[in-house]
Colleague: 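Questions regarding the structure given below will be posed in turn.
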Amino acid sequence: MVENSRKKVVFPSEKDESSSSFPSSPARAVGGRRLKKGSKASYSAQSQVGLTAEKEDGYDNPRSFPHHVKKQCWDKADKIKGRDPERWRRDTLGNTVFRKLVGCPGCLCHDYDHIVPFSKGGKSTLDNCQILQATVNRSKGNKMDISKAELIQKSTYCRVSGRDMDLLELSAFGNVRRGQDSGGCNIQ
């Protein structure tokens, strides 16, 4: 007779709280040491244990935009003539951005920005979302009184030819797609 050498998996809900090796609170989740409530480490511990912070409309992290809001925000940004709007857009300042490049410091990278900063009461909704070149968003920070002219000065200028865009699309997607308004011309 062969004995099963596998150990039984016990879920936290099945364990007796008094003999539990699972942390009884998020404060004990990291190395058994006590963490200050509200600290970054405490929040990290909560996420490791599977606990969540305050929920807003069923979304765990109200500071970042839900996926459906990011998609709608991308859709409302200006299109680039001759380019696939699912891949290329212009941010609020007119900078060209590529959908696959998010959060990096390059000139084609973008962020989903809170128009009214989250720290100043702005919500993570479509009305408060805009596409911004990542370097501009970083320099904007949580300022509300910054002018469009000041933001344009902080933009990272880069001249991108159609051929450059084609190469980026090829490397990211494996093909090149034109927008409906391309006029029928193709770069050879």
Side-chain angles (χ1 to χ4, degrees), residues 43-44 47 52-188:
Y43 182 77
S44 175
S47 63
T52 56
E54 179 182 327
K55 288 190 177 191
E56 181 177 297
D57 297 329
Y59 186 63
D60 289 347
N61 186 358
R63 185 176 186 93
S64 61
F65 293 100
H67 178 73
H68 72 277
V69 172
K70 288 179 180 180
K71 179 158 180 20
Q72 292 171 331
C73 188
W74 180 266
D75 290 343
K76 78 176 185 177
D78 292 337
K79 296 176 183 175
I80 298 176
K81 186 176 180 177
R83 287 286 155 186
D84 182 0
E86 289 300 311
R87 297 178 178 185
W88 298 96
R89 293 288 176 141
R90 292 206 187 280
D91 73 357
T92 308
L93 305 173
N95 298 310
T96 300
V97 293
F98 188 47
R99 187 166 205 158
K100 285 278 190 173
L101 300 176
V102 182
C104 52
C107 65
L108 295 174
C109 300
H110 69 284
D111 282 333
Y112 295 93
D113 173 54
H114 288 86
I115 298 167
V116 175
F118 182 81
S119 64
K120 308 258 173 140
K123 300 288 181 193
S124 297
T125 61
L126 179 61
D127 295 337
N128 195 37
C129 183
Q130 67 181 348
I131 301 268
L132 264 187
Q133 189 181 64
T135 53
V136 175
N137 188 35
R138 302 294 191 308
S139 64
K140 177 187 170 208
N142 70 345
K143 299 180 200 109
M144 289 179 59
D145 58 344
I146 191 163
S147 72
K148 189 172 182 177
E150 288 177 283
L151 289 176
I152 289 172
Q153 286 181 340
K154 307 228 182 249
S155 294
T156 304
Y157 174 76
C158 67
R159 183 179 171 149
V160 184
S161 70
R163 188 172 179 90
D164 294 334
M165 291 174 151
D166 289 347
L167 290 172
L168 280 167
E169 282 192 53
L170 277 170
S171 65
F173 296 101
N175 64 5
V176 176
R177 289 193 329 211
R178 302 274 179 227
Q180 293 176 349
D181 57 356
S182 64
C185 298
N186 291 322
I187 296 176
Q188 294 292 325

Colleague: Considering residues at least two apart in sequence or located in another chain, which fulfil the salt bridge (charged side-chain N to carboxylate O under 4.0 Å, His left out) criterion with Arg87?
Modeller: Asp84, Glu169

Colleague: I need the minimum non-hydrogen distance between Arg90 and Ile80, along with the two atoms involved.
Modeller: CG-CG1, 3.6 Å

Colleague: Working note: Lys70 + Val102, criterion side-chain contact (heavy atoms from CB on, under 4.5 Å); need CA distance, chi angles, decisive distance, verdict.
Modeller: CA-CA 11 Å; Lys70 288 179 180 180; Val102 182; over 6 Å; no

Colleague: Got a sec, which residues hit side-chain contact (heavy atoms from CB on, under 4.5 Å) with Ser155, two or more places apart in sequence or on another chain?
Modeller: Leu93, Asn95, Gln133, Val136

Colleague: Please name all residues satisfying side-chain hydrogen bond (donor to acceptor under 3.5 Å, both in side chains) with Gln153, sequence neighbours left out, ordered by chain then number.
Modeller: none

Colleague: Roughly how far apart are His67 NE2 and Tyr112 OH, rounded to 0.5 Å?
Modeller: 8.5 Å

Colleague: Using every non-hydrogen atom in the two residues, find where Ser171 and Leu168 come nearest and quote the distance to one decimal.
Modeller: OG-O, 2.9 Å

Colleague: Tell me whether Arg89 contacts the main-chain N or O of Pro85 through its side chain, where contact means a donor paired with an acceptor under 3.5 Å.
Modeller: yes

Colleague: Show me the pairs that pass disulfide (SG to SG under 2.5 Å) and involve residues 112-150, at least two apart or across chains.
Modeller: none

Colleague: Which residues satisfy the side-chain contact (heavy atoms from CB on, under 4.5 Å) test with Asn137, sequence neighbours excluded?
Modeller: Asp111, Asp113, Leu132

Colleague: If you look only at pairs with a residue in residues 69-89, which of them pass as a ring-ring contact (aromatic ring centres under 6.0 Å, His included), with sequence neighbours excluded?
Modeller: Trp74-His110, Trp88-Phe98

Colleague: side-chain hydrogen bond (donor to acceptor under 3.5 Å, both in side chains) with Ser139: which residues, sequence neighbours excluded?
Modeller: none

Colleague: Not counting sequence neighbours, which residues clear disulfide (SG to SG under 2.5 Å) with Cys73? List them please.
Modeller: none

Colleague: Restricting to salt bridge (charged side-chain N to carboxylate O under 4.0 Å, His left out), what partner residues turn up for Glu86, sequence neighbours left out?
Modeller: Arg99

Colleague: Sub-3.5 Å donor-acceptor pair from the side chain of His114 to the main-chain atoms of Asn142, do we have one?
Modeller: no

Colleague: Should Met144 and Val116 be marked as a side-chain contact (heavy atoms from CB on, under 4.5 Å) after you check the CA-CA gap, both sets of side-chain angles, and the distance that decides it?
Modeller: CA-CA 7 Å; Met144 289 179 59; Val116 175; 4.2 Å; yes

Colleague: Show every salt bridge (charged side-chain N to carboxylate O under 4.0 Å, His left out) that has at least one partner inside residues 124-136, sequence neighbours left out.
Modeller: none

Colleague: Can you name the side-chain hydrogen bond (donor to acceptor under 3.5 Å, both in side chains) partners of Asp78, sequence neighbours left out?
Modeller: none

Colleague: Which atom names give the shortest non-hydrogen contact between Glu150 and Asp145, and what distance separates them?
Modeller: OE1-O, 4.3 Å

Colleague: Under a 3.5 Å distance rule, please check whether Thr92 uses its side chain to pair with a backbone N or O of Ile131 as donor and acceptor.
Modeller: yes

Colleague: Asp164: which residues meet the side-chain contact (heavy atoms from CB on, under 4.5 Å) condition with it, sequence neighbours left out?
Modeller: Val160, Ser161

Colleague: Does the side chain of Lys71 reach to within under 4.5 Å of the side chain of Leu126, using non-hydrogen atoms?
Modeller: no

Colleague: Working to the nearest 0.5 Å, report the span between CZ of Arg83 and OG1 of Thr96.
Modeller: 10.0 Å

Colleague: Please evaluate residues Thr125 and Val69 with respect to the criterion side-chain contact (heavy atoms from CB on, under 4.5 Å), reporting the C-alpha separation (whole Å), side-chain torsions for both, the decisive distance (0.1 Å), and the verdict.
Modeller: CA-CA 7 Å; Thr125 61; Val69 172; 5.8 Å; no

Colleague: Shortest non-hydrogen contact from Ser124 to Phe118?
Modeller: OG-CD1, 4.4 Å

